[in-house]
Amino acid sequence: MNKLILKPGREKSLKRRHPWVFSGAVAKVQGKPDAGDTVEVRSAAGELLAVAAYSPESQIVARVWDWTERAIDRAFFDERIARAAAQRRQYLDGAATDAYRLLHGESDGLPGVVADRYGETAVVQLTSAGADRWRDAIVDALLQVEGVRRVWERSDAEVRALEGLPPTTGPLRGPHEPARIAVSEHGIRFEVDLARGHKTGFYLDQRENRLRTRGLARGRDVLDGFCYTGGFALNAAAGGARSVLALDSSAEALGLGRANEQLNGLSGVDWVGGDVFQMLRQFRDRGRQFDLITLDPPKFAPTAAHVPKAARAYKDINLLAFKLLRPGGLLMTFSCSGGVSADLFQKIIAGAALDAGVEAQITERLGAGPDHPVALNFPEGEYLKGLVCRVSGQTSQG
Ligand code: SAH
């Protein structure tokens, strides 16, 4: 088999089972592997460390499939995918929720492979050369998961470019059905647009936090900033909010939000198109107040280089949100930027409260649900963090 031989001492991270091999760690490539081929990764002393997928165009030159000398073949994908599906079945109530992440990349032992389940449809996103190479085996294995009848592809994530892979989207297998399908999440129905929706169609990582909003909303005036198709807003409405204002810059997302409201027999949500940064300022200037604000912005820091600018953006919206909350009000705020650690995020929120002139407490810490596991050997898998902060008073500067 083709081999990557590491420089002396560079086997350490692999011995801790971190699944990425960086190009700078490689002393030489033996053989002529093509992109996506399986290669052995060996230490300078010749010890077998892993079998991995070769990505010659990427800084991450290989991603580990396994830590033993096993063959990477169809049986390997059948096994990994069945294992992941069994794990999801353990805690998901299929009657109330039929939309969840089935495969979460490295954390499920499948680097570069994400698959989300929307009812009978699995939507696959392949972001590495190795994953791309094994598309057919992955799709076949997904079709063996109980209840999956068709597979779509949404491999249009920008990271594919780093691997030299073109975007690939559309139906792959199974009966031809419309791209818009309805799913259930804790009993609330959502229309998901498989062709045009964000990510693979829906932000599945926020499922449990949306449910939490339902539990906190009763009697409150709620603002859902960055509402997309109404995930938090509709949970607030279902939870008995006094009023719900849902804000997003995407007219298309708001259109789906309205459709979702009807689908659930809910009413009264005020869907407003606009820029959250500007709208929050307008509300401040007009003295508008809320009792619960959710802020779930897009990834402000896609890489470490964006972190300082992202930190300013997070501080800005959270500072404004603190100013709009009545005493006793709750801010449920998120960051899905991998480069912004939970620790840094908390510091940013603390700075926002200070400058807003409010005293606030953290009452809950939130993250992605159990269908987005984080393998302990792959801390990069943890990206979503959230805080619920309760405004308990004003400071003297307020
Ligand atoms: N909370 C949503 C997911 C939000 S994703 C859910 O539970 O499904 C982030 C959303 O922010 C996207 O819908 C995007 O259209 C919107 N967005 C991005 N920048 C924005 C801005 N400056 N103002 C308003 N909306 C914005």
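Counting starts at 1 for both ligands and their atoms, following the listed order.
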- Message: Minimum distance, heavy atoms only, to atom 4 (C) of ligand 1: which one of Phe190, Phe226, Phe334, Phe277 is it?
- Response: Phe226

- Going by the atom numbers of ligand 1, which of them fall below 4.0 Å from some non-hydrogen atom of Tyr228? 2 (C), 3 (C), 4 (C), 8 (O), 13 (O)

- Atoms of ligand 1 under 4.0 Å from any heavy atom of Asp275, numbered from 1 in the order shown, are 21 (C), 22 (N), 23 (N)

- Item | Heavy-atom pair of closest approach, residues Val51 and Thr68 | CG2-O, 3.5 Å

- Message: Under 4.0 Å from a heavy atom of Gly274: which atoms of ligand 1 are those, numbered in the order shown and with their elements?
- Response: 23 (N), 24 (C)

- Message: Show me which atoms of ligand 1 lie under 4.0 Å from any heavy atom of Ser250.
- Response: 15 (O)

- Return the minimal non-hydrogen interatomic distance between Leu254 and Asp248, and the atom names on each side. CD1-O, 3.7 Å

- Item | Between Tyr203 and Phe226, ring centroids under 6.0 Å | no

- Which heavy atom of the protein is the closest neighbour of atom 19 (N) of ligand 1, given with residue, atom name and distance? Pro298 CG, 3.8 Å

- Query: Could Arg173 and Asp140 be called an ion pair, given the rule that one side-chain N must be under 4.0 Å from one carboxylate O?
  - Reply: yes

- Message: For atom 10 (C) of ligand 1, what is the closest protein heavy atom, and at what distance to 0.1 Å?
- Response: Asp248 OD2, 3.4 Å

- Item | Identity and separation of the nearest protein heavy atom to atom 23 (N) of ligand 1 | Val276 N, 2.9 Å

- Message: Tell me if the aromatic rings of Phe283 and Phe290 count as close, with their centers under 6.0 Å from one another.
- Response: yes

- Message: Distance alone, cut at 3.5 Å: any donor-acceptor contact between the side chains of Thr169 and Asp156?
- Response: no

- Note on the structure: Phe232 heavy atoms within 4.0 Å reach ligand 1 at atoms 1 (N), 7 (O)

- Item | Asp224 bridged to Arg210 by N-O distance under 4.0 Å | no

- Item | Close side-chain approach of Asn377 to Glu106, heavy-atom, < 4.5 Å | no

- Message: Within the structure, is a non-hydrogen atom of Ala253 found at a distance of less than 4.0 Å from ligand 1?
- Response: no

- Message: Going by ring-ring contact (aromatic ring centres under 6.0 Å, His included), name the residues that satisfy it together with His306, two or more places apart in sequence or in a different chain.
- Response: none

- Whether Met279 lies under 4.0 Å from ligand 1, heavy atom: no

- Item | Protein heavy-atom partner closest to atom 9 (C) of ligand 1 - residue, atom, separation in Å | Asp296 O, 3.6 Å

- How does Ser249 reach ligand 1, if at all, at less than 4.0 Å between non-hydrogen atoms: by side chain, backbone, both, or neither? both

- Item | Nearest candidate to atom 8 (O) of ligand 1, where distance is taken over non-hydrogen atoms, out of Lys299, Arg210, Glu252 | Arg210

